[in-house]
Peer 1: 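Quick one: this structure, given as structure tokens, is what I'll be asking you about.
Note on naming: letters A, B, ... go to the chains in the order of the sequence lines (proteins, then strands), and numbering restarts at 1 for each one. Only heavy atoms go into these numbers, but all of them, side chains included; no hydrogens, no water, no symmetry mates.
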Protein chains: 2
Amino acid sequence: MKLTSYTNYAMRCLQLAALKEPELVRIDDVTFIHGVSRPQVVKVVHKLGKAGFLETVRGRNGGFRLGRPAKDIIIGDIVRLTEGPLDVVECFNPEKNTCPLIGICKLSKKIQEATHAFMDVLDNVTIADISENRIPLLNRIELLEITGKPVIFTQSGQTS
Amino acid sequence: MKLTSYTNYAMRCLQLAALKEPELVRIDDVTFIHGVSRPQVVKVVHKLGKAGFLETVRGRNGGFRLGRPAKDIIIGDIVRLTEGPLDVVECFNPEKNTCPLIGICKLSKKIQEATHAFMDVLDNVTIADISENRIPLLNRIELLEITGKPVIFTQSGQTS
DNA sequence: TCAAAAGATATATTTTCAATATTGCTTTTA
DNA sequence: TAAAAGCAATATTGAAAATATATCTTTTGA
């Protein structure tokens with residue numbers, strides 16, 4: 001059970017925009033810092049832009065910034081935007097369902113309940129919450145920008 | 001974000017065993033009723049058997065039954081058995097992580113929290129809970145057994 | 001004024017991994 | 001003793017995610 005990397009990248013873009021505010025962030029900054037494929041970032045930035053979560057600026061000296069205050073961007077909404085409906089089990093989607101017990105099966109209802117519990121947590125987290133520890137996050141990022149990439153991090157500090 | 005069909009089949013096997021109790025259920029009953037691939041059911045039954053959730057009986061007139069009372073089989077445990085660790089985002093697994101912010105990123109912690117909320121719900125559901133409405137469930141199953149397969153169900157009743 | 005920087009868009013390709021199939025085994029009992 | 005049932009390992013298929021390619025449009029500084 002996992003979210004797509006696309007969703008992951010969306011959140012990283014928003015987080016980075018929050019951290020760098022009021023500076024503009026460029027797509028190449030994201031690809032550099034997070035080491036992910038440029039076309040993926042392009043797609044995600046565009047989608048976030050269309051939905052109003054980011055404001056994109058074309059042309060030389062362009063880039064993107066948050067489209068509204070960080071505290072008003074809810075992680076749950078980003079997940080809904082990039083994932084679409086969470087079909088944790090096939091019977092959530094009558095189109096795809098093959099289970100003969102659909103409609104009367106309590107299992108389905110319980111998994112729905114669990115999925116709601118999952119989203120409830122994310123509906124109470126904003127971009128402000130995940131960029132609140134600005135200094136250490138920016139330190140990590142700066143380190144990358146100075147040393148220039150091939151640096152790998154573990155949970156308990158830096159390695160090479 | 002979805003669970004594997006393997007996990008789904010595991011739960012269907014346990015549910016069916018609970019419904020048919022004290023009768024033995026055969027692998028071919030599951031493939032017939034749920035229209036899923038036999039080798040998948042074989043695998044799942046075997047795994048559930050080894051873990052003690054099912055008791056399997058080999059040889060002619062064999063089959064399987066619950067390995068312990070339905071109320072003592074927790075859905076959360078089945079999910080853990082068949083899914084393994086839920087790597088909802090790659091940073092849950094330091095082996096696979098590529099994010100430079102690992103260890104200090106609040107997003108990761110919030111998604112962990114959401115995942116726990118998801119599992120918490122399933123840790124409070126047992127096989128007894130999802131087979132408690134025995135009569136309607138068995139009616140559906142019987143209908144299949146009588147009419148012999150090509151019947152498709154929608155959420156609001158039967159179609160063909 | 002035009003070339004470079006930046007995002008926009010569509011389509012194609014690759015890769016991964018879940019899902020399924022195949023084959024042959026062992027156990028049990030009518 | 002043959003048929004019914006589960007056990008086990010390996011191979012194949014297929015769908016979807018991830019990535020790449022190519023070509024656009026917009027903007028602005030030299």
Peer 1: Here's a test of your reading of the structure: between B/Tyr9 and A/Val25, which maps to the more 5' nucleotide of DNA chain C?
Peer 2: A/Val25
Peer 1: Would A/Arg38 and A/Asp28 count as a salt bridge (Lys or Arg N to Asp or Glu O under 4.0 Å) here? Give the steps.
Peer 2: CA-CA 7 Å; A/Arg38 193 174 195 286; A/Asp28 285 324; 2.8 Å; yes
Peer 1: So A/Ile104 and B/Asn139, do their side chains get closer than 4.5 Å, heavy atoms only?
Peer 2: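 A side-chain contact is absent here, since even the closest heavy-atom pair is not under 4.5 Å.
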Peer 1: Measure the distance from CZ on A/Phe64 to P on C/dA8 and round it to the nearest whole Å.
Peer 2: 10 Å
Peer 1: Find which nucleotide of DNA chain D each of A/Ser37 and B/Gly63 is nearest to by heavy atoms, and output the residue with the more 5' nucleotide.
Peer 2: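 The residue closer to the strand's 5' end, by nearest nucleotide, is B/Gly63.
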Peer 1: For residues 10-21 of chain B, which residues have at least one heavy atom under 4.0 Å from DNA chain D?
Peer 2: none
Peer 1: Look at A/Arg26 and C/dA6 and indicate whether a side-chain polar atom (N or O) is within less than 4.0 Å of OP1 or OP2.
Peer 2: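 For A/Arg26, the contact criterion (side-chain N or O under 4.0 Å from OP1 or OP2 of C/dA6) is met.
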Peer 1: Are any non-hydrogen side-chain atoms of A/Leu86 and A/Met119 less than 4.5 angstrom apart?
Peer 2: yes
Peer 1: So which of residues 38-53 of chain B are in contact with DNA chain C, with a heavy-atom cut-off of under 4.0 Å?
Peer 2: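 Heavy-atom contacts with DNA chain C come from B/Pro39, B/Gln40, B/Lys43.
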Peer 1: Applying a 4.0 Å non-hydrogen cut-off, can you work out what A/Val36 is touching in the nucleic acid: base, sugar-phosphate, or nothing?
Peer 2: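 Contact class for A/Val36: none.
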Peer 1: Treat each ILVMFWY residue as a node, draw an edge where side-chain heavy atoms are under 4.5 Å apart, and state whether A/Val121 and A/Ile74 are in one component.
Peer 2: no
Peer 1: So, taking the atom named OG1 in B/Thr82 and the one named CG in B/Asp77, what distance separates them when rounded to the nearest 0.5 Å?
Peer 2: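 So the gap between those two atoms works out to 10.5 Å.
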Peer 1: Taking all heavy atoms of B/Asn97 and all of B/Cys91, pick out the closest pair and write down the distance.
Peer 2: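 Heavy atoms of B/Asn97 and B/Cys91 come nearest at OD1-CB, 3.3 Å.
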Peer 1: Rounded off to whole Å, could you give me the CZ-to-C1' distance for the A/Arg58 and C/dG7 pair?
Peer 2: 5 Å
Peer 1: Once you round it to whole Å, what is the distance between C1' of C/dA18 and CG of B/Asn8?
Peer 2: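 B/Asn8 atom CG is separated from C/dA18 atom C1' by 13 Å.
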Peer 1: Quick one: are B/Thr126 and B/Ile73 in side-chain contact, heavy atoms under 4.5 Å?
Peer 2: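 Not touching, per the 4.5 Å side-chain cut-off.
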Peer 1: Output, in order, the C-alpha distance, side-chain angles, deciding distance and verdict of side chain to side chain donor-acceptor pair (under 3.5 Å) for A/Thr4 and A/Glu83.
Peer 2: CA-CA 7 Å; A/Thr4 60; A/Glu83 293 282 317; 2.9 Å; yes
Peer 1: Starting from P on C/dG7, measure out to CG on A/Asn61 and report it in whole angstrom.
Peer 2: 11 Å
Peer 1: Roughly how many Å is it from CD in A/Glu90 to P in C/dA18, rounded to a whole number?
Peer 2: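 Computing the A/Glu90:CD to C/dA18:P distance gives 17 Å.
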Peer 1: We want to know whether A/Ser131 and A/Gln15 form a side-chain donor-acceptor pair, criterion being a heavy-atom distance below 3.5 angstrom.
Peer 2: no
Peer 1: Could you pull out the closest heavy-atom pair between B/Asp123 and B/Gly76, with the gap in Å?
Peer 2: OD1-CA, 3.3 Å
Peer 1: Need two values: the first and the last nucleotide of DNA chain D, 5' to 3', having an atom under 4.0 Å from any heavy-atom of chain A.
Peer 2: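 Reading along DNA chain D, I get D/dA18 to D/dG29.
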Peer 1: Is A/Gly62 touching bases, backbone alone, or none of the nucleic acid, heavy atoms closer than 4.0 Å?
Peer 2: sugar-phosphate
Peer 1: Do we see a donor-acceptor contact under 3.5 Å between the side chains of A/Glu90 and B/Ser5?
Peer 2: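 Judged by distance alone, the side chains do not pair up.
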